[in-house]
Protein chains: 2
Amino acid sequence: MRIGELADAVGVSTQAVRYYERERLMPAPTRGGNGYRAYDDQAVARVGFIRTAQSAGLTLVQIRSILDLRDRGVIPCDHVSDLIDDRLAEVRRRMAELAALEEELVQLRDRSERLNPADCSDGDICHIITAQPQPQPQPAVSE
Amino acid sequence: MRIGELADAVGVSTQAVRYYERERLMPAPTRGGNGYRAYDDQAVARVGFIRTAQSAGLTLVQIRSILDLRDRGVIPCDHVSDLIDDRLAEVRRRMAELAALEEELVQLRDRSERLNPADCSDGDICHIITAQPQPQPQPAVSE
DNA sequence: CTAGACCTTGAACCCGACTTCAAGGTCAAG
DNA sequence: CTTGACCTTGAAGTCGGGTTCAAGGTCTAG
């Protein structure tokens, strides 16, 4: 199987497959006489695993740590379990942040409906969003 | 007021202030005889506005669009209102995504507790995370 | 007069997961 | 024999919001 077929089979780009190889998530494949990469079904499973793990929100570094264990013959389940727990905690933290942000946005929106734009004085930029006192340097809620 | 005082007053770094100037969120300030930037209270309010808008999750490009209107003498409230609505929709979309991801992770975690690592065959990488059929190329849930 | 705390500039670097570009080699069909 | 679809490599670009580095100039206190 060539790289394009592998990529099509899993639904990723060929560049992504080469990228995984560079990043050592995929082993260097055997090569045909023409220098083309040759893959077997295991490679399909491996790229599939990578994508599934990614869809669970694991980073490529984390996924590589799983694959490294596997390649060294260690059953990675305990490690995977830890990573899932970490990720779950992170997702919940993030959800809480977003919930707080949502509330703030709803308040801003309500305010924008209550206030008359004509009252927006020249002194401030916009009366909907007004500068808050800066207790801690709040680096903003990133995505 | 010099740049360090402005930065301290708002709680940002001096580099961030210069960055806002480069990105045209802050106008080029007047300069003292020594070439130092000189700011007034309006500048403090403006940087404060930027940070507050950022904490509502607006991007610098969006914030600049607000400031541009203001600088051209247009009351930006309607535009701000639209941006807030957009952002709110985005946050809610994101929360829904995260909720789905959370559920997936909980299922994975439950599975990891049910399954015995010893049953993890050599054929797959890890029996907790198994490749799913790939209907649409799922580019993973990004943060 | 010198130390140190400020200020100036431009350029490079950071994160992650790729994509894009450039410049070529290979192979099957017509 | 050419077209076009594949494949190869390495380097660079993308996104956002800055930070870090390098190499200086300025000002104030002691």
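This structure is a prediction, so every number in the text was calculated from the model and none was measured. Sequence lines set the chain letters: A, B, ... in the order given, protein chains first and strands last, and positions in each chain run from 1.
Phosphate contact (OP1/OP2 of C:dT8, side-chain N/O of B:N34, threshold under 4.0 Å): absent. At the phosphate of D:dG16, neither OP1 nor OP2 sits under 4.0 Å from any side-chain N or O atom of B:R22. Contact between the side-chain N/O atoms of B:R37 and the OP1/OP2 oxygens of C:dT9 is found at a separation under 4.0 Å. Within the structure, every side-chain polar atom (N or O) of A:Q15 is placed at least 4.0 Å from both OP1 and OP2 of C:dC21. Close to C:dT19, at under 4.0 Å from its OP1 or OP2, lies a side-chain N or O of A:S13. OP1 or OP2 of D:dG18 sits under 4.0 Å from a side-chain N or O of B:Q54.
Between A:L58 and A:G33, the residue whose closest nucleotide on DNA chain C is further toward the 5' end is A:L58.
Salt bridge absent: A:E90 and A:R93 never bring a charged side-chain N and a carboxylate O closer than 4.0 Å.
A:R111 places a side-chain N or O within 3.5 Å of a backbone atom of A:I128 that can act as its donor or acceptor partner.
Atom pair A:Y20:OH and C:dT19:C1' shows a separation of 12 Å (rounding to whole Å applied). Between B:R31 atom CZ and D:dC27 atom P the separation is 14 Å, expressed in whole Å. Distance CD1 (A:I63) to C1' (C:dC18): 13 Å, rounded to an integer number of Å. Taking atom CZ of B:R18 as the reference point, atom P of D:dG18 lies 14 Å away to the nearest angstrom. Note: CD1 (A:I3) to P (C:dT19) measures 12 Å, nearest angstrom. The distance between atom CZ of A:R64 and atom C1' of C:dC18, rounded to the nearest whole Å, is 15 Å. Between the CD atom of A:Q62 and the P atom of C:dC15 there is a distance of 15 Å, rounded to whole Å. To the nearest angstrom, C1' of D:dC15 lies 12 Å from CD of B:E23.
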TODO: Kindly determine whether A:R46 and A:D71 satisfy salt bridge (charged side-chain N to carboxylate O under 4.0 Å, His left out), including the steps that lead there.
DONE: CA-CA 11 Å; A:R46 190 160 176 134; A:D71 292 342; 2.9 Å; yes

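In this structure, A:R72 CZ and A:L67 CG are separated by 11.5 Å, a value rounded to the nearest 0.5 Å.
The listed nucleotides are C:dC6, D:dG18, C:dC18; the one nearest the side chain of B:R2 is C:dC6. For B:T14, the side-chain atoms get nearest to C:dC7 when compared with the rest of D:dC7, C:dC18, C:dC7.
Residue B:Y19 places no side-chain atom within donor-acceptor reach of the base of D:dG16, judged by atom type and a 3.5 Å distance cut-off alone. Under 3.5 Å, the side chain of B:Y36 and the base of D:dG25 form at least one donor-acceptor pair of N or O atoms.
B:Y20 and B:R51 form a side-chain donor-acceptor contact under 3.5 Å, judged by distance and modelled atom types alone.
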